[in-house]
Chemist: 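Right, I'll just put the structure down here and ask away after.
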There are 2 protein chains.
Amino acid sequence: MSLIRHYNSEDKVLVAVDSVIFGFDREGLKILLIKRDFEPQKGAWSLMGGFLKKNETLDQAANRVLHELTGLDSIYMEQVSSYSELGRDPVERTISVAFFALINIAQHDFKLNKAHHAQWFSLSQAPTPIFDHQQMIAEALERLKRKALTNPIGFELLPEKFTMRQLQDLYESILNEKLDKRNFINKINALEILIRLEEKDKTTSKKGAFLYKFDEEKYNQKIDEGFNFKL
Amino acid sequence: MSLIRHYNSEDKVLVAVDSVIFGFDREGLKILLIKRDFEPQKGAWSLMGGFLKKNETLDQAANRVLHELTGLDSIYMEQVSSYSELGRDPVERTISVAFFALINIAQHDFKLNKAHHAQWFSLSQAPTPIFDHQQMIAEALERLKRKALTNPIGFELLPEKFTMRQLQDLYESILNEKLDKRNFINKINALEILIRLEEKDKTTSKKGAFLYKFDEEKYNQKIDEGFNFKL
DNA sequence: TCAAAAGTGTTCACCGTACACCCATGG
DNA sequence: CCATGGGTGTACGGTGAACACTTTTGA
């Protein structure tokens, strides 16, 4: 007789992952929702999600599901929280682990999988999604706010080259407040983690605005030296 | 034929909850570990945990498990994160949701359930626990640090009446750094959320130190007025 | 030439931090 | 009377916030 206690008598449950996918464009911060084409709540909007398989981790499941919708890999993702209210999914007992993902809408190497009828929504104009997805979005947003102030994750939402104005717009839309232009630029410059390119972007002004790149190498080096990103 | 899509083909997995139980006494911040009396890793130390049942939420499971060990209810608990590495539990595929709990060691209305061979350990002297429990502890501690600076959760670890010195010792041991006595007291007093009692505690000095209570009512009122706890 | 966005520094108030001495009391 | 922990206030520097004008250039 084995001394190893097996877990045969314990309950097994369905585990889902749901992703709050953030994007950013000229209109501000957005989330990607998909339209359900099956009951219950056919036609309603929901986060992109899927079920955890036996042989994968939660992160792998979240990445798989994100890949299915966008074709993208190596996307910044972070676990937010787990949700387990008894009736949260009316079909069957399911617990769900929410993630948030940051993707750069502008890059053209991704196409939304048509089958999911995905659509970008401004936070303020998004329809109320199914189940407890609204709560997931709210908590993901809180996490994003906090994290964006202490880590350079905002750049995940921007194109490789961006203007100071774009960066400021991004932070304003994440934090949901207006920031002072000079103070913002002073702070950013004090961090010394951007490279100012020679190029200018002339799409929004006659004068043209300098383009910047995030200097990841320099950032990592400063981190090693004890530097703390703080906005 | 029903239009409702069922989830029959999806994998179900075992879901566990594991609790990082923090306590505080004269020696500092401690965690409660239990000694396994079955294989694998019989004799090793582990967090208190249990399996999620079909008809309960994760919070309920965490509370049930905590109650089994301590007899306590209504304990401050917070979800930390979920862990799902494939080999994390060698017996069977199990994902685990970690919680942290704050309990007041000094209160005498709880008795540790003998069956679990539980023992308090100072953080620096705790044995390395099984599986990924070390990582859970590290992340729970990070969360506790952050949360204790922005919420009055520290009081959960103290007796109802406590001295300023005790409060300072608590924060020093959560933050793992020495704090200046005058600055600490000034900060705490500026918050105006403590009541100074007439009573003194004479166990640590001849002069005696005033006892304080957390004024929860006043705190809630200040919160309603937009106050932010910040240490 | 003018409209529209880009770019640029300084001042001030407040907060966080450093710091040292007297008090009360039991033994 | 003295050793031990308790209790108290101020000064300084640095950081965060407020604030306005000049530059560029395409239309």
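Quick caveat: nothing in here was measured; it's all calculated off a predicted structure. Numbers restart at 1 for each chain; the letters A, B, ... are given by sequence-line order, proteins then strands.
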Chemist: Verify the neighbour count for atom NZ of Lys213(A): are there more than 12 heavy atoms of other residues, nucleotides or ligands below 6.0 Å?
Modeler: no

Chemist: Between Asn183(A) (CG) and dG9(C) (P), how many Å, whole number?
Modeler: 14 Å

Chemist: Check the distance between dG5(D)'s P and Gln166(B)'s CD and give it to me in whole angstrom.
Modeler: 15 Å

Chemist: Which whole-number value in Å describes the distance from Arg182(A) CZ to dT11(C) C1'?
Modeler: 12 Å

Chemist: Nearest whole Å is fine: how far is dG16(C) C1' from Asn186(B) CG?
Modeler: 11 Å

Chemist: Is there a donor N/O on one and an acceptor N/O on the other, under 3.5 Å, for the side chain of Lys181(A) and the base of dG7(C)?
Modeler: yes

Chemist: Ignoring hydrogens and geometry beyond distance, is the side chain of Lys207(B) in donor-acceptor contact with the base of dA24(C) at under 3.5 Å?
Modeler: no

Chemist: For the residue pair Lys30(B) and Phe121(B), would you count it as a cation-pi contact if the rule is NZ or CZ under 6.0 angstrom from the ring centre and within 45 degrees of the ring axis?
Modeler: no

Chemist: Nearest-Å distance, CE (Met164(B)) to P (dG6(D))?
Modeler: 12 Å

Chemist: Check for me whether Arg88(B) meets the cation-pi criterion with Phe131(B), that is, NZ or CZ under 6.0 Å from the six-membered ring centre and within 45 degrees of the ring axis.
Modeler: no

Chemist: To the nearest Å, give me how far apart CG (Asp180(B)) and C1' (dA20(C)) are.
Modeler: 11 Å

Chemist: Just how far, in rounded Å, is P of dG26(C) from CG of Asp201(B)?
Modeler: 13 Å

Chemist: dA6(C) phosphate, OP1 or OP2: any side-chain N/O from Arg165(A) under 4.0 angstrom?
Modeler: yes

Chemist: Can you tell me if Glu217(B) and Gln221(B) form a side-chain donor-acceptor pair at under 3.5 Å?
Modeler: no

Chemist: Where the side chain of Lys202(B) is concerned, which of dG26(C), dG6(D), dT17(C) is the nearest nucleotide?
Modeler: dG26(C)

Chemist: In whole angstroms, how far is the P atom of dA17(D) from the CZ atom of Phe184(A)?
Modeler: 13 Å

Chemist: Establish whether the base of dT4(D) is bridged to the side chain of Lys206(B) by a donor-acceptor pair shorter than 3.5 Å.
Modeler: no

